[in-house]
> 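The structure's right below; bear with me while I get my questions together.
Convention: sequence-line order gives letters A, B, ...; per-chain numbering from 1. Remember, it's a predicted structure, so these values are computed and weren't measured experimentally.
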2 protein chains.
Amino acid sequence: MLTIGTLGKKTGTKVQTIRYYEQIGLMPEPERTEGGQRRYGHAELDRLAFIRHSRQLGFSLEAIRELLDLSDDPDRPCHEADSIARRQLKQIEQRMERLEALRTELERMVHECSGGNTSDCRVLEVLRDHSECLTDHEDIGA
Amino acid sequence: MLTIGTLGKKTGTKVQTIRYYEQIGLMPEPERTEGGQRRYGHAELDRLAFIRHSRQLGFSLEAIRELLDLSDDPDRPCHEADSIARRQLKQIEQRMERLEALRTELERMVHECSGGNTSDCRVLEVLRDHSECLTDHEDIGA
DNA sequence: GTACACCCTCTACCTGCTAGAGGTTCAAAG
DNA sequence: CTTTGAACCTCTAGCAGGTAGAGGGTGTAC
């Protein structure tokens, strides 16, 4: 039986975060001591490790919820999990493309900076004048 | 004199967002009609365009605030703006590296999926077992 | 002179946590 | 057995960067 702190250390998760996962229903309500403290077993450790690893791979908590549901039911077809993963992969590829475009533009900006005063700063000029912007990224990839 | 809606259309910004920028002090308080509706001129249009373009390049609102301050004062040295841009470039490069690692891992995951049931799904298995994870990304690049 | 699109403020919500206040429990040391 | 002190508890509020909706007022074109 692990305390919440130990569970946190084993999985690299802050205590608050574990309680938060419980609150939103990603983690189950664990057993409690007489005094009301949480105690965890192996199942919970595995589940939290799954969640953390998925988060590291960039899955949203909603996607993780779906993956956990699938994982809980061994008879459902694998392609559901596969398609969640592919969706995630696609999102990452899109973000990378956008970042690539941003990088190009930023590089151009800083390389053209001559080093005078802000009145003739290339960086500010480029930001001011959108028409110099070649790419048409709609929104930042956050 | 532009209404807030027109300003929004010209800059690709939602009306609520413009009011939000005003609230946090990024946009100035504009003139009002007798009835209390906002009316904007050229200066505000330019300023909002600057903000939006900077956002598209991934600058934080705080960074944009700094850039706007610099932009308002033509005598300050250019290298301040330049260093903000370089900082931004660095962040983007870091995010890209992290995403690249994630992509590799996700690709491996989906390519190994055989297509059976979730009980022997590669995707879920990989997520379950962190030890198969080769990279050591500490946190997702958001 | 009225229809109706647009504007106003205010509050709450989103994701994915994190921090702090103020109080309780557990386990080990004396 | 008692005491210390780290770790636990709940609750509320905050971060970025907005978005959505309620409930009501305005501006303008026909």
> Quick check on DNA chain C: between A:Tyr20 and A:Gly36, whose nearest nucleotide comes earlier from the 5' end?
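The residue mapped nearer the 5' terminus is A:Tyr20.
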
> If you check every side-chain atom of A:Arg19, which of D:dT10, C:dC8, D:dG17 has the closest atom?
D:dT10

> Taking NZ, NE, NH1 and NH2 as the nitrogens, is one of them in B:Glu100 or B:Arg103 under 4.0 Å from a carboxylate oxygen of the other?
yes

> Tell me the interatomic distance from A:Gln37, atom CD, to C:dG23, atom P, rounded to whole angstroms.
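Rounded to the whole Å, the gap is 18 Å.
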
> Side chain of B:Thr33, heavy atoms from C-beta onward: which of D:dG17, C:dT18, D:dG27 has the nearest atom to it?
D:dG27

> Side chain of B:Lys14: nearest nucleotide among D:dG27, D:dT19, C:dG16?
D:dT19

> Confirm from the modelled atom types if B:Gln16 and D:dA20 form a donor-acceptor pair under 3.5 Å, side chain to base only.
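Check passes, donor-acceptor contact within cut-off.
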
> Does a side-chain heavy-atom distance below 4.5 Å link B:Glu22 with B:Glu29?
yes

> Here's a test of your reading of the structure: between A:Leu61 and B:Gly35, which maps to the more 5' nucleotide of DNA chain C?
B:Gly35

> Just the rounded figure in Å: distance from C1' of D:dG17 to CD of B:Glu22.
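Interatomic distance, CD of B:Glu22 to C1' of D:dG17: 17 Å.
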
> Could you tell me the separation between the CD1 atom of A:Ile18 and the C1' atom of D:dA7, rounded to a whole number of Å?
13 Å

> Which listed nucleotide (D:dT10, C:dC7, D:dC8) is nearest to the side chain of A:Arg32?
D:dT10

> Strictly below 4.0 Å: does A:Tyr21 bring a side-chain N or O up to OP1 or OP2 of C:dC17?
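A:Tyr21 to C:dC17 OP1/OP2: side-chain N or O found under 4.0 Å.
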
> Atom CD of A:Gln23 and atom P of C:dC14: how far apart are they, to the nearest Å?
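Taking CD of A:Gln23 and P of C:dC14, I get 12 Å after rounding.
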
> Roughly how many Å is it from CD1 in A:Ile4 to P in D:dA7, rounded to a whole number?
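Value for this atom pair: 13 Å.
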
> With a 4.0 Å cut-off, would you call A:Glu62 and A:Arg65 a salt bridge?
yes

> Just how far, in rounded Å, is P of D:dG17 from CD of B:Glu62?
9 Å

> Within the structure shown, what part of the strands sits under 4.0 Å from B:Arg38 by heavy-atom distance: base, sugar-phosphate, or nothing?
sugar-phosphate

> Of the nucleotides D:dC8, D:dG25, D:dG17, which one has an atom closest to the side chain of B:Arg55?
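Of the candidates, D:dG17 comes closest.
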
> Grab the CZ-P distance between A:Phe59 and C:dG16 for me, whole Å please.
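Taking atom P of C:dG16 as the reference, CZ of A:Phe59 is at 13 Å.
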
> Between C:dT15 and A:Ser60, is there an OP1 or OP2 to side-chain N/O distance shorter than 4.0 Å?
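Answer no for this pair, as no side-chain N or O of A:Ser60 is under 4.0 Å from OP1 or OP2.
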
> How would you label the contact of B:Ile24 with the nucleic acid (heavy atoms, under 4.0 Å): base, sugar-phosphate, or nothing?
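Since no nucleic acid heavy atom lies under 4.0 Å of B:Ile24, the category is nothing.
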
> What integer distance in Å separates A:Arg39:CZ from D:dA7:P?
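Taking CZ of A:Arg39 and P of D:dA7, I get 13 Å after rounding.
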
> State plainly whether the residues B:Asp82 and B:Arg86 are in salt-bridge range, i.e. N to O under 4.0 Å.
yes

> Applying side-chain contact (heavy atoms from CB on, under 4.5 Å) between B:Ile51 and each of B:Ile18, B:Ile64, B:Leu67, B:Asp46, report the one that passes.
B:Ile64

> Under 4.0 Å between a side-chain N or O of B:Thr17 and OP1 or OP2 of D:dT19?
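B:Thr17 to D:dT19 OP1/OP2: side-chain N or O found under 4.0 Å.
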
> Check the phosphate of D:dC8 against A:Thr3, side-chain N and O only, distance under 4.0 Å to OP1 or OP2. Yes or no?
yes

> Taking A:Glu44 first and then A:Arg47, would you say they form a salt bridge - that is, a charged N and a carboxylate O separated by under 4.0 Å?
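Salt bridge between A:Glu44 and A:Arg47, a charged N being under 4.0 Å from a carboxylate O: no.
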
